Amino acid sequence: MKSHWMCSNLVRCLGDGNTSLQKLATSIVFFFCLSDVSCNSVEQKIYVELNNTVPCVRLLNATHQIGCQSSISGDTGVIHVLESEADLEWPLSKGPNPPYMVLLESSLFTRSIMMKMKNESNRVAGVAVVVPNTSPPEFSPHTTCPNENTGVYSDNYGPNLAHCNTTVWNPRGNGLSYEEFDFPVFSLKEDNETEFIKQCYLDHNRAVNGSAPQYPLCAMQLFSHMHAVTNTPTCMRRNDINFSINPEMVCDPLGDYNVWGSIRPYNDTVFGHKENESVVIAAARLDSRAFFWEVSTGAEGSVSGFVTLLAAAQALREVTHAAPPTRNILFAFFQGETFDYIGSSRMVYDMENGKFVIDLDNIHSVLEIGQVAVHSGTNLFLHSDPVSRRNNTVNDENLVNNLQSSTAGLGFLLVEPNVSQPLPPSSLQRFLRAQPIPGIVLADHESAFNNRYYESFYDNAANLNLTYPSDLSPEEQLEFVTDTAKSLTDVATVVARALYKQAGGDESLVNTIKADPKIVTQMLYGFLVSSNNSWFQAVMAPELKNILKPSPPEYYVGVAMSSTPTRLVQYLLANLTGAATNLTQSQCMYSYLWVQGIVPPNSTERDSFCVRASVRLTKAVSPAFELGEYASKDYSTWTESRWKFIKARIFLVASRDLEMLTLGVGVAVLFTSLLVTYFISTKADVLFSSTREPASAAY
Amino acid sequence: MTAAVFFGCAFIAFGPAFSLFIFTIAKDPLRVIILIAGAFFWLVSLLLSSLVWFIATKATNAQDLTLQKNLLIFGSIFSVILQEVFRFAYYRLLRKANEGLAAISEEDGPPLSVREMAYVAGLGFGIMSGAFSMINTLSDSLGPGTVGMFGDSQYYFITSALMTLALTMLHTFWGVVFFEGCERKRWWVIAVVLCVHLMVFSLSLLNPFYVASILPVYAIMLLMAVWAFFSSGGSLHNITLLWTCRKSNAETSS
């Protein structure tokens, strides 16, 4: 760092020069720079690297590619800060220095502006979006009908309900996440770097009184070249080309692990149908996405759901040990649901093919927790599949009754929606695709989503009204029970009671089941504000403690099979439903996890211990990749492209005239010197009279 | 900035040196050797002077900007002096070598005159000095950006190339003049060359006021060119001879 500073300041205080001063400085700077790779004094006069940027990357499925692409050596454009939609004329038609790099405030990041730029993409080199700290009134880049082709409704099953013909689930969706752009789109934060960019624009690029701005102009270059093209079958075929010892992969399937755990443990090596085993499945989804790569927060979309389910699991721990219910309860957390139900389709596939501990015939019913961001006193809704109810193939009545009776004394009601409308996008749809099963999806919306920021980077803690008093330290915030936590605790209590009743538990003990608001608020803090807090540190394994950061985790499913939310939910479920033990091994139907534990007061060493719980991970990669059916219409085929590097920088560009002038002068100097040297060297004997031998030529 | 600027600046900075090389030096292997050895001597002088400067900066407070700038100026003056010392050392080496070459050569007498060696040595110094000045800047000129974000002039690349050209030529002329002075035992010539070198260095400190630095440097280069021409055996008479030769050639051919 010091040599880096040294180089830049040397350069500034020297000015520039080409005599021994600069040569000296160059050689010294070279010595210094051996220790600091990025140090190059002239380069620092030219380029300013932008560090806090997030790109939009390319994703592919069976038939399309979506996302953004830059050219392999980056896209350079003159910066233009867009002031309004009418101002688009300048980059798209009037501006004299195309291509332009358009800088947008988030209020202008709309479908109409992006589509206009997409149509004139030879004049647009790229887009940079400034994401503010406050959210706009509403914004959802997802489609209006999420996962419409891989749910249960199709031309064969409820055709009038398919493709959102009756209910449009996400009416605010503008579908930007699913468009294809052939220029890079990056997001910038509202910080000093962005101020610097705007200042550079104001200094150099403003048109004065309608005349063209003078060179040199401020420009930006964005690198985000994606290797995969066309669609998943193409990129998977290219992955398999084995030309060299290190084959170049161009894309990877999206996927991670599902987390599941049950009240009564199962032997993890015995798969297939289990006689006389009847299981109630309680499901939630783990992931979400945003327009830009990885910056997904999914507060209302997914976190509210799985936190409620984790709290319900914890509420059931005591009563199921004291008075075990007849049926088993299996808690399932699915990853990858945003991208055509990767996790749930994989679990259903495993169940159908005897690769899971139970199979579809063992399932008694399914209760799924959808988006449940509530304020106290608002009602929740119980969605069910009208087709199977109409056909009387399933009987949801028990489950509905159990749920509705569980709300006694809690201040809100569970209501079934009036219209005969389809199930919202949920993992239950994949179960119904395989076999009719009674199931309910619990959600806070009667028809269309209430979530104004579905699958966007604004679906964060503020969207759930998660506020803390300003004078609390981080540890105090962790313990502070917010109103949001209180409402979610009530929902978790209802869920736990309904599950216990549905599993045939003792009716007299139902009212003793209560979820713990302290645990709910700690989970909300850890999942939405800062994952590096003392409670999460205590429940994690020592080798995984580095995944905890001072910011909330990213909920994008990704390709690396190591996403933070999966690990956190695994260890939390183990902590909340399992038991701390100090034991040796035995016939192991449990998973044993060694966790860090808390730091007791007056000590610096952690009290680590072993947790025994029936919590397992199962692979959540789409069956399409197991079967090799990359063009499958039944299963998710989403893949993410690979890339070499992604970076952004700004600099000034000179006019073409100056460049051509330099080249012209250079060529002229070269030819002149060649001619003159030739002339003098042939006439050297005349020009330089010598007393001895033929003299040399000199200028 | 782009490939256009890269090639333009490369041609400006190295064009004359390149043409001198291919027309006068490349054919004779002995001249090539002397050229490269001259470049090496210049390089060694820069290395030693930069070592001194490096130790000086390490021993002092790195945060004090004026002190560092003054150390740099001191280091550069030391480097100028050391370059001239090495030029003298190279002269002595070449004189000694000349006697040896004369002994083993097939012709009578030494194969290269001192004047030729002076020119080649000067060009060697100039080429290496130009390379060290310019290569770093040239590699950055290939990218899409130009200098100017932090207030520098946008003509940075062109002026760097022009200064490099001037410096290469100046080193050549200084070589000629210096060796001639040593040959004729006129020691004041060495002092003058040193002073002119220091003057050029101090003019470069005036960058980025390019008018104040480049124009005087080119004026000095022209003056040195004239001096080198006269000290290597040229004269006004030869020029007029050349002119009438051309005229008579033109007459006879027409």
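Keep in mind it's a predicted model, so treat the numbers as computed, not measured. Note: hydrogens, waters and symmetry copies are ignored here, and every other heavy atom, side chains too, is used. Residue numbering restarts at 1 for every chain, and letters A, B, ... go by the order of the sequence lines.
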How long is the straight-line distance from [atom2] of [Y] back to [atom1] of [X], given to the nearest 0.5 Å?
X	Y	atom1	atom2	answer
B/Ser141	A/Ile46	OG	CD1	8.0 Å
B/Leu20	A/Ser673	CG	OG	7.5 Å
A/Leu217	B/Thr146	CG	OG1	11.5 Å
A/Thr677	B/Phe18	OG1	CZ	10.5 Å
A/Ser41	B/Asp140	OG	CG	8.0 Å
B/Phe11	A/Phe671	CZ	CZ	8.5 Å

Does atom [atom1] of [X] have more than 12 heavy-atom neighbours from other groups under 6.0 Å away?
X	atom1	answer
A/Asn192	CG	no
B/Phe209	CZ	no
A/Tyr678	OH	no
A/Gln214	CD	no

Subject >> Between B/Gly148, B/Gly151, B/Ser153, the one whose heavy-atom pairs under 4.5 Å with chain A are most numerous >> reply: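 Heavy-atom pairs under 4.5 Å are most numerous for B/Gly148.
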
Considering non-hydrogen atoms only, spot the tightest contact between [X] and [Y] and give its length.
X	Y	value
B/Phe150	A/Lys45	CD1-O, 3.8 Å
A/Ser681	B/Phe23	OG-CB, 4.4 Å
A/Met660	B/Ala4	CE-CB, 4.0 Å
A/Thr662	B/Cys9	CG2-SG, 3.9 Å

Subject >> Contact class of A/Leu675 relative to chain B, heavy atoms under 4.5 angstrom >> reply: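 No part of A/Leu675 comes within 4.5 Å of chain B.
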
Subject >> Part of A/Tyr215 lying under 4.5 Å from any heavy atom of chain B >> reply: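 Just the backbone, heavy atoms under 4.5 Å.
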
Original post:
Does the side-chain contact (heavy atoms from CB on, under 4.5 Å) test come out yes or no for A/Leu658 and B/Ile158, once each step is laid out?
Top reply: CA-CA 10 Å; A/Leu658 184 61; B/Ile158 302 182; 4.2 Å; yes

**OP:** Any chance you could lay out the side-chain contact (heavy atoms from CB on, under 4.5 Å) test for A/Leu663 and B/Phe7, step after step, and finish with the verdict?
**Re:** CA-CA 6 Å; A/Leu663 182 63; B/Phe7 282 113; 3.8 Å; yes

Subject >> Min side-chain heavy-atom separation B/Pro144-A/Arg649 under 4.5 Å >> reply: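 Yes, side chains in contact.
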
**OP:** Indicate yes or no: at least one non-hydrogen side-chain atom of B/Gln154 is less than 4.5 angstrom from one of A/Leu652.
**Re:**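 SC-SC contact between B/Gln154 and A/Leu652 ruled out.
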
**OP:** Please determine which of A/Leu670, A/Thr672, A/Leu674 meets the side-chain contact (heavy atoms from CB on, under 4.5 Å) test together with B/Ser19.
**Re:** A/Leu674

**OP:** Any chance you could lay out the side-chain contact (heavy atoms from CB on, under 4.5 Å) test for A/Leu687 and B/Phe229, step after step, and finish with the verdict?
**Re:** CA-CA 9 Å; A/Leu687 276 175; B/Phe229 176 68; 4.2 Å; yes

Original post:
Considering only heavy atoms, which portion of B/Ile22 lies under 4.5 Å from any heavy atom of chain A: side chain, backbone, both, or neither?
Top reply: side chain

